[in-house]
Amino acid sequence: MVKNFLMIGLTLFVGLLSPIQMGINSVLSKYVNHPLLAALWNSVLALLIFLMAIFVLRVPLPSIGMVTAAPLWSLFGGMIGAAFILVGI
């Protein structure tokens, strides 16, 4: 029960950070001379955080066979996130 409340609170907190992230990226884009470079930096940091989480949580990596068995369209979900960022710029 306490875990559920913690997860709900964490979810709400992270959701509230979204507008702050936009402002931070806007400021960064002025220093790196382009919003795409700020978005790239954001993505690189996100990748590093995901890799650290995978390592710390000891998430087993899938085999090549598991990845190739997935529907081709399912491998391109990240393109939607990139399109969302590009449209926002």
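Please read these numbers as outputs of a predicted model, since none were measured by experiment.
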Chemist: With rounding to the nearest 0.5 Å, note down the distance linking CG in N25 to CD1 in I85.
Modeler: 8.0 Å

Chemist: If you compare all heavy atoms of V67 against all heavy atoms of P62, which two are closest, and at what distance to 0.1 Å?
Modeler: CG2-CG, 3.8 Å

Chemist: If hydrophobic clusters are built by linking Ile, Leu, Val, Met, Phe, Trp and Tyr wherever their side-chain heavy atoms come under 4.5 Å apart, do F84 and M22 end up in the same one?
Modeler: no

Chemist: By the definition side chain to side chain contact (heavy atoms under 4.5 Å, CB included), identify the one residue from L12, L16, L10 that meets it with V14.
Modeler: L10

Chemist: Kindly determine whether W41 and V32 satisfy side-chain contact (heavy atoms from CB on, under 4.5 Å), including the steps that lead there.
Modeler: CA-CA 10 Å; W41 178 251; V32 296; over 6 Å; no

Chemist: More than 12 non-hydrogen atoms from neighbouring residues, nucleotides or ligands closer than 6.0 Å to CD1 on I64, yes or no?
Modeler: no

Chemist: Any donor and acceptor pair, going by atom type alone, linking the side chain of S43 with main-chain N or O of A39 inside 3.5 Å?
Modeler: yes

Chemist: First locate atom OG of S29, then atom CG of L40, and finally report the distance between them rounded to the nearest 0.5 Å.
Modeler: 13.0 Å

Chemist: Is the shortest side-chain heavy-atom distance between F76 and M79 below 4.5 Å?
Modeler: yes

Chemist: Under 4.5 Å between side-chain heavy atoms, counting indirect links through other Ile/Leu/Val/Met/Phe/Trp/Tyr residues: same cluster for L57 and I54 or not?
Modeler: yes

Chemist: Roughly how far apart are L28 CG and N42 CG, rounded to 0.5 Å?
Modeler: 8.5 Å

Chemist: Report, as yes or no, whether the 6.0 Å neighbourhood of atom CG on L17 holds more than 12 heavy atoms from other residues, nucleotides or ligands.
Modeler: yes

Chemist: I'd like to know if the side chain of S74 and the backbone of P71 have a donor-acceptor N/O pair within less than 3.5 Å.
Modeler: yes

Chemist: Give the cluster check for L61 versus V59: same hydrophobic cluster or not, with ILVMFWY residues linked at side-chain heavy-atom distances below 4.5 Å.
Modeler: yes

Chemist: Say whether I20 and L45 are linked into one hydrophobic cluster, either directly or through other cluster members, by side-chain heavy-atom distances under 4.5 angstrom.
Modeler: no

Chemist: As an exercise, state the distance from CD1 of I89 to NE2 of H34, rounded to the nearest 0.5 Å.
Modeler: 7.5 Å

Chemist: Same cluster or not: are V44 and L51 linked, directly or through other Ile, Leu, Val, Met, Phe, Trp or Tyr residues, by side-chain heavy atoms under 4.5 angstrom apart?
Modeler: no

